[in-house]
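Comments concern the structure below.
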Amino acid sequence: MVSTPDTPTPLRVAVAGASGYAGGEFLRLAVAHPHLEVGALTAHSTAGSRLGELQPHLRSLADRVLEPTTAEVLAGHDVVVLGLPHGASGEIAAQLPDDVLVLDLGADHRLASAADWEAFYGSPHAGTWPYGLPELAHADGTRQRDHLAGARRIAVPGCNVTAVTLGLQPGVAAGLLDPTDLVAVLANGYSGAGKALKPHLLAAEGLGAAAPYAVGGTHRHIPEITQNLRTAGAAEVTISFTPTLVPMSRGILATVTARLAPGHEDATSAQVRETWAGAYADEPFVELLPEGQWPSTAATLGANTALVQVALDEAAGRVVTVTALDNLVKGTAGQAVQAMNLALGLPETAGLGTEGVAP
């Protein structure tokens, strides 16, 4: 039985992939959530281990033993969180009852286009679920949160996608930007690459270095970004997207520029800023910073917050947006909690904070 805000019975949540960064971050938020009770925790290669051996910061759950990731173990919960590798969620989700809320932290169910999935991920498409970016603008003036109430399957967006979408969508929805001339360069913390032991992810390789990856239109988040901007009203989207690993554990700083759309070449800085201010005036987790103050990843660490700034480069005829967020919170686990709250009729902000932990 699924609880409501008016009943004292907590929602039991199971987390598959509890040993990973995304699963661990969801658990960090879950133990402080007023309506959640942590149930089964599962893993693959680390099944049989105690959670405290792999997530030593989660002290209240340290003695919990990780079980194998099977539909039988995950059954009997109100909410199931899938923090699994790409391509692994579909099979498990198909075995879970329709009345269970399943949150997929992976990419399996984000894309509407099977062709895009197969081109970027190289496996059969598992299907499309309701998209878990509550702030996503729709061309009809609604937001994605209006489409999440009662959902029992939710695809949590990619972290880079969230940063780029939130930075650009006010200008796209207003017709102010030319969506066929977008350039995005991101600075990314290493936790976004997961816990896999790969040489280029070791501290000896990463400390003191910045290195691009997935260059030249190959990053798997590109079709998801274009999908979101089309949802916001763009007829056609072309984006050059270059992420860069920088020596920090968490965080994304997304700098995106776009040419002013035809007919808006004379837009002023004040008009540009007014567009973004109006778009995010009532959003609890997305904030347009005061003029002259630029986003910093440090200000978002541990918080379900996206900090945005926008400026007009008059000489170049381009709008510049900068968005900072914690890739594990607003980029993944916090966003999952936010979407979960909406799906279950809970307050959208339940269990989520907006204050960072810097320095």
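All residue numbers in this chain count up from 1 along the given sequence.
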Close side-chain approach of [X] and [Y], heavy atoms under 4.5 Å:
X	Y	answer
Trp294	Leu289	no
Ile225	Leu182	no
Leu168	Val164	yes
Gln169	Tyr280	yes

Give every residue pair that meets the salt bridge (charged side-chain N to carboxylate O under 4.0 Å, His left out) criterion with at least one member in [range], sequence neighbours excluded.
range	value
residues 339-355	Arg145-Glu348
residues 314-328	Asp181-Arg318, Arg250-Asp326
residues 161-180	none
residues 260-277	none

Any donor and acceptor pair, going by atom type alone, linking the side chain of [X] with main-chain N or O of [Y] inside 3.5 Å?
X	Y	answer
Asp108	Ser89	yes
Asp313	Val319	no
Arg12	His77	no
Glu53	Arg50	yes
Glu135	Leu166	no

Which atom pair, heavy atoms only, marks the closest approach of [X] to [Y]?
X	Y	value
Arg28	Val31	O-CG2, 3.2 Å
Trp276	Gly167	NE1-O, 2.8 Å
Ala22	Thr332	CB-CG2, 3.9 Å
Ala232	Val172	CB-CG1, 4.3 Å
Thr242	Pro212	CG2-CB, 4.4 Å
Ser123	Glu118	O-CG, 3.3 Å

In the hydrophobic clustering that connects Ile, Leu, Val, Met, Phe, Trp and Tyr at side-chain heavy-atom distances below 4.5 Å, which members other than [X] occupy its cluster, ordered by chain and number?
X	value
Leu202	none
Leu82	Leu74, Val80, Leu84, Ile92, Leu96, Val100, Val102, Trp129
Val357	Leu301
Val73	none

Worksheet item: Just checking, any donor-acceptor pair under 3.5 angstrom between side chains of His35 and Asn341?
Response: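 Side-chain D/A pair, His35 to Asn341: absent.
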
Worksheet item: Between the side chains of Tyr21 and Asn327, does any donor sit under 3.5 Å from an acceptor?
Response: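 No, no side-chain donor-acceptor pair sits under 3.5 Å.
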
Look up atom [atom1] in [X] and atom [atom2] in [Y], then write down how far apart they are to the nearest 0.5 Å.
X	Y	atom1	atom2	answer
Leu105	His86	CG	NE2	10.5 Å
Asp140	Thr231	CG	OG1	10.0 Å
Asn188	Thr244	CG	OG1	7.0 Å

Worksheet item: Would one find more than 12 heavy atoms of other residues, nucleotides or ligands at under 6.0 Å from atom CG of Asp98?
Response: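 No, the 6.0 Å shell around CG holds no more than 12 heavy atoms from other groups.
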
Worksheet item: Between Tyr213 and His219, is the ring centre distance below 6.0 Å?
Response: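 Ring centroids of Tyr213 and His219 are less than 6.0 Å from each other.
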
Worksheet item: side-chain contact (heavy atoms from CB on, under 4.5 Å) with Gln227: which residues, sequence neighbours excluded?
Response: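 Partners of Gln227 by the side-chain contact (heavy atoms from CB on, under 4.5 Å) criterion, ordered by chain and then number, come out as Leu111, Ala112, Arg230.
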
Worksheet item: Partners of Ala333 by side-chain contact (heavy atoms from CB on, under 4.5 Å), sequence neighbours excluded?
Response: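 With sequence neighbours excluded, Ala333 shows a side-chain contact (heavy atoms from CB on, under 4.5 Å) to Glu25, Phe26, Leu29, given in chain and number order.
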
Discussion item. Which residues pass the side chain to side chain donor-acceptor pair (under 3.5 Å) test with Thr305, not counting sequence neighbours?
Written reply: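 Residues passing side chain to side chain donor-acceptor pair (under 3.5 Å) with Thr305: none at all.
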
Please set out all donor-acceptor pairs under 3.5 angstrom arising from side-chain atoms of residues 38-49, sequence neighbours excluded.
unit_1: Thr42; atom_1: OG1; unit_2: Thr69; atom_2: OG1; d: 2.7
unit_1: Thr46; atom_1: OG1; unit_2: Ser19; atom_2: OG; d: 3.4
unit_1: Ser49; atom_1: OG; unit_2: Thr46; atom_2: O; d: 3.0

Worksheet item: Between Asp78 and Leu101, is a side chain to side chain contact (heavy atoms under 4.5 Å, CB included) present by the stated rule, with each step listed?
Response: CA-CA 6 Å; Asp78 300 302; Leu101 173 56; over 6 Å; no

